[in-house]
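To keep things clear, I will list the structure first and then write my remarks on it.
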Amino acid sequence: MATLTTEKSSHPTPRASGRPVPGLIFGDLWEYDPAPETADPKLKARYDLFIGGKFVAPASGKYFDSINPGNEKKLADIAHANAADVDAAYRAALQAYDGAWGKMAGRDRAKYIYRIARLLQDRAREFAVAETMDGGKPIKESRDFDVPMAAAHFFYHAGWADKLDYVAPGRRAAPLGVVGQVIPWNFPLLMLAWKIAPALAMGNCVVIKPAETTSITALKLAEIFQDAGLPPGVVNIVTGFGDTGAAVMTHPIAAKVAFTGSTEVGKIIMRSLAGTEKKMTMELGGKAANIVFDDAPLDQAVEGIVNGIFFNQGHVCCAGSRLLVQESVAADVLAKLKHRIEVLRVGDPLDKNTDVGAINSKEQLATIQRLVASGVKEGATLFQSPCKLPVRGYYFRPTIFSNVSMSHRIAREEIFGPVLSVLTFRTLEEAVEKANNTAYGLSAGVWTDKGSRILKLSTELKAGVVWANTFNKFDPASPFGGYKESGFGREGGRQGLFDYCKLA
Ligand code: NAI
Ligand code: MG
């Protein structure tokens with residue numbers, strides 16, 4: 001298929017727009033004007049720790065920079081909590097648990113959680129801009145997905161707080177106490193909501209650590225906790241690196257710990273807690289298969305595949321990073337995919353037209369580059385969008401590998417970037433075998449016209465979520481979590497509450 005790009009255009013031209021005009025640089029003529037979101041993210045120059053309902057300077061006296069990956073500019077100083085800070089956070093949480101929060105009726109806890117959800121909605125644009133600046137995701141995602149979903153998680157769990165007798169009918173659900181949580185950088189605010197909302201609904205108190213590259217929206221949410229009048233110590237936010245995370249996971253006061261992040265760090269945490277009484281949930285990596293049968297609506301499937309892997313720069317644990325396509329339609333699907341990624345707009349995350357934003361950090365960009373180089377070296381065929389990338393900031397071209405085999409590293413390891421590996425299959429059995437031939441098992445996608453095939457695959461695919469004729473759809477009422485090395489425990493829905501209570 002011919003493309004109408006010119007060297008000067010930063011993006012390929014919309015194809016439906018007509019024929020090139022002689023003498024004019026067609027790409028520039030049809031280029032959109034920049035459309036940056038302008039809401040004020042209301043950032044502070046320095047963020048302290050949030051302990052006992054107040055912002056407090058770290059005992060360590062140390063701060064580190066939070067960088068905007070879209071342009072490499074510094075956004076703020078973030079406190080680096082040490083073991084003494086983490087200990088202070090746990091003591092504040094225990095005091096709240098033994099005090100006001102622990103004694104409060106569920107219907108009163110619900111009011112606070114509702115209030116948090118409402119205040120977050122009120123400040124949605126401000127939060128979306130802050131999230132995009134700190135993490136690099138396109139504003140249309142933070143605005144239309146991350147922030148509204150975070151609010152939805154608080155609303156949903158507020159609804160549970162006074163109905164805990166129905167979590168496990170016939171049994172009494174009691175809180176665990178203080179829980180420790182560590183989260184990653186791919187959905188900073190949303191992961192915070194996934195972790196905090198069910199814990200509070202059940203009557204627990206929290207010590208949580210956001211990822212070092214994306215702490216800002218967590219500390220902005222702390223402002224909302226203050227405005228909501230949440231009793232001091234119910235949620236404590238400590239910022240820092242792996243050392244801070246390790247202190248949060250191993251603190252003796254933690255009755256339960258919840259971690260989302262890499263399988264590697266998940267295993268370190270599990271080893272460090274072996275033999276203790278702590279309850280644990282782990283949400284780790286993934287290498288999801290998106291399976292396209294020859295009877296699938298192919299254009300719709302292509303949109304789903306693109307959403308599955310290029311959404312949020314592929315920084316998604318359940319990303320559809322392996323496309324398994326039936327041999328008879330493979331060439332057709334690959335051609336459509338290449339055409340589609342050429343017109344994805346890569347660039348300024350704050351621009352409302354941007355489809356693919358910035359890679360979250362320099363380190364993550366290097367990881368993606370390393371794995372893509374291994375794909376080329378091992379003999380897979382590389383195709384990349386010819387788009388022009390901004391000169392400053394961490395960006396990576398949407399990338400498709402074809403002629404991939406199961407032994408390639410790009411087919412086995414989590415890349416966590418906008419990189420799709422395409423494999424083919426002939427029969428349903430072969431598709432299932434290839435899809436399940438991975439150490440992970442977080443999610444999968446199936447594209448077919450046949451309902452019976454969807455039902456069969458939903459039981460045969462060893463994945464926590466199986467999407468049918470869609471991908472990357474979430475709902476607070478729907479439990480999410482993994483099989484095998486993707487971890488254990490569920491987040492969301494009634495099942496997610498089991499992980500934050502003891503049943504008697
Ligand atoms: P990571 O697992 O190191 O970081 C996740 C969180 O764990 C961060 O808050 C970090 O500060 C914390 N942490 C690091 N070491 C710790 C320790 N020893 N004890 C407790 N907490 C600790 O992930 P990283 O290095 O940022 O990304 C590496 C790879 O992990 C990515 O390329 C991707 O493949 C995968 N990943 C998967 C995620 C998922 O949602 N499943 C999220 C983030 C990364
Ligand atoms: Mg940052």
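The chain is numbered in sequence order, starting from 1. Just follow the structure's listing: the first ligand is 1, and inside any ligand the first atom is 1. Owing to the predicted nature of the structure, the values given are computational and were not obtained by experimental measurement.
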Query raised in the report: Contact between F187 and ligand 1, counting heavy atoms under 4.0 Å?
Result: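 No, that is not the case, since the closest heavy atom of the residue is not under 4.0 Å from the ligand.
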[atom]: which protein heavy atom is closest, and how many Å away?
atom	result
atom 22 (C) of ligand 1	V265 CG1, 3.6 Å
atom 28 (C) of ligand 1	S262 CB, 4.2 Å
atom 39 (C) of ligand 1	C317 CB, 3.4 Å
atom 43 (C) of ligand 1	P184 CB, 3.4 Å
atom 12 (C) of ligand 1	V182 CG1, 3.7 Å
atom 41 (N) of ligand 1	L284 O, 2.8 Å
atom 15 (N) of ligand 1	G242 CA, 3.5 Å
atom 10 (C) of ligand 1	E212 OE1, 3.4 Å

Query raised in the report: D85 and H80: side-chain donor and acceptor closer than 3.5 Å?
Result: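 The answer is no; no qualifying pair exists.
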Query - Contacts of type side chain to side chain contact (heavy atoms under 4.5 Å, CB included), residue A218, not counting sequence neighbours - result: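 In terms of side chain to side chain contact (heavy atoms under 4.5 Å, CB included), with neighbours along the sequence ignored, A218 is linked to L192, P210, I237.
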**Report entry** Pairing residues for C501 by the side chain to side chain contact (heavy atoms under 4.5 Å, CB included) criterion, not counting sequence neighbours
**Finding:**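 Only A173, M202, L503 meet the side chain to side chain contact (heavy atoms under 4.5 Å, CB included) criterion with C501.
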Within a distance under 4.0 Å of any heavy atom of [X], pick out the atoms of ligand 1 and give their elements.
X	result
T260	40 (O)
G245	19 (N), 20 (C), 21 (N)
N186	40 (O)
F259	2 (O), 6 (C), 7 (O)
A211	9 (O)
G285	41 (N)

Just go through [options] and tell me whose heavy atom is the nearest to [atom].
atom	options	result
atom 38 (C) of ligand 1	F416, F241, W185	F416
atom 31 (C) of ligand 1	E413, E264, Q364, E363	Q364
atom 35 (C) of ligand 1	Q181, E414, M191	E414

Query raised in the report: For ligand 1, which part of I183 has a heavy atom less than 4.0 Å away: the side chain, the backbone, both, or neither?
Result: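 Near ligand 1, I183 shows its backbone, while the atoms from C-beta on stay back.
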Report task. Quick one: look at H315 and ligand 1, take heavy-atom pairs under 4.0 Å, and tell me if it's side chain, backbone, both or neither. Result ->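 Within the 4.0 Å criterion, H315 makes no contact with ligand 1.
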If the threshold is 4.0 Å, N to carboxylate O, is there a salt bridge linking [X] and [Y]?
X	Y	value
E223	K42	no
E414	K287	no
K267	E485	yes
R345	D355	no
E413	R409	yes

Query raised in the report: Is the backbone of L273 close enough, under 3.5 Å, to the side chain of T276 for a donor and an acceptor to pair up by distance?
Result: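 Here the side-chain-to-backbone pair exists.
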Query raised in the report: Between N360 (side chain) and G135 (backbone), is there a donor-acceptor pair under 3.5 Å?
Result: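 Present.
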Query raised in the report: When the ring planes of F225 and F50 are compared, do they come out parallel, tilted or perpendicular, using 30° and 60° as the limits?
Result: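 Tilted: the ring planes of F225 and F50 meet at 30° to 60°.
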Query raised in the report: Angle class for the H251/Y90 ring planes (parallel below 30°, perpendicular above 60°, tilted otherwise)?
Result: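 It falls in the parallel class, under 30°.
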Query - Nitrogen or oxygen of K209 less than 3.5 angstrom from that of ligand 1 - result: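 N/O-N/O distance under 3.5 Å: yes.
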Query raised in the report: For G261 and ligand 1, does the shortest N/O to N/O distance drop below 3.5 Å?
Result: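 It does: an N or O of G261 is found under 3.5 Å from an N or O of ligand 1.
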Query raised in the report: Is it true that the NZ or CZ of K220 lies under 6.0 Å from the centre of F127's six-membered ring and within 45 degrees of the ring axis?
Result: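 Yes, a cation-pi geometry.
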Requested in this report: Assess K434 against F425: is NZ or CZ under 6.0 Å from the centre of the six-membered ring, and within 45 degrees of the ring's axis?
Outcome: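 Because its charged atom misses either the 6.0 Å distance or the 45° angle limit, K434 does not stack over F425.
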**Report entry** Protein non-hydrogen atom below 4.0 angstrom of atom 26 (O) of ligand 1 present
**Finding:**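 Yes, because at least one protein heavy atom sits under 4.0 Å from atom 26 (O) of ligand 1.
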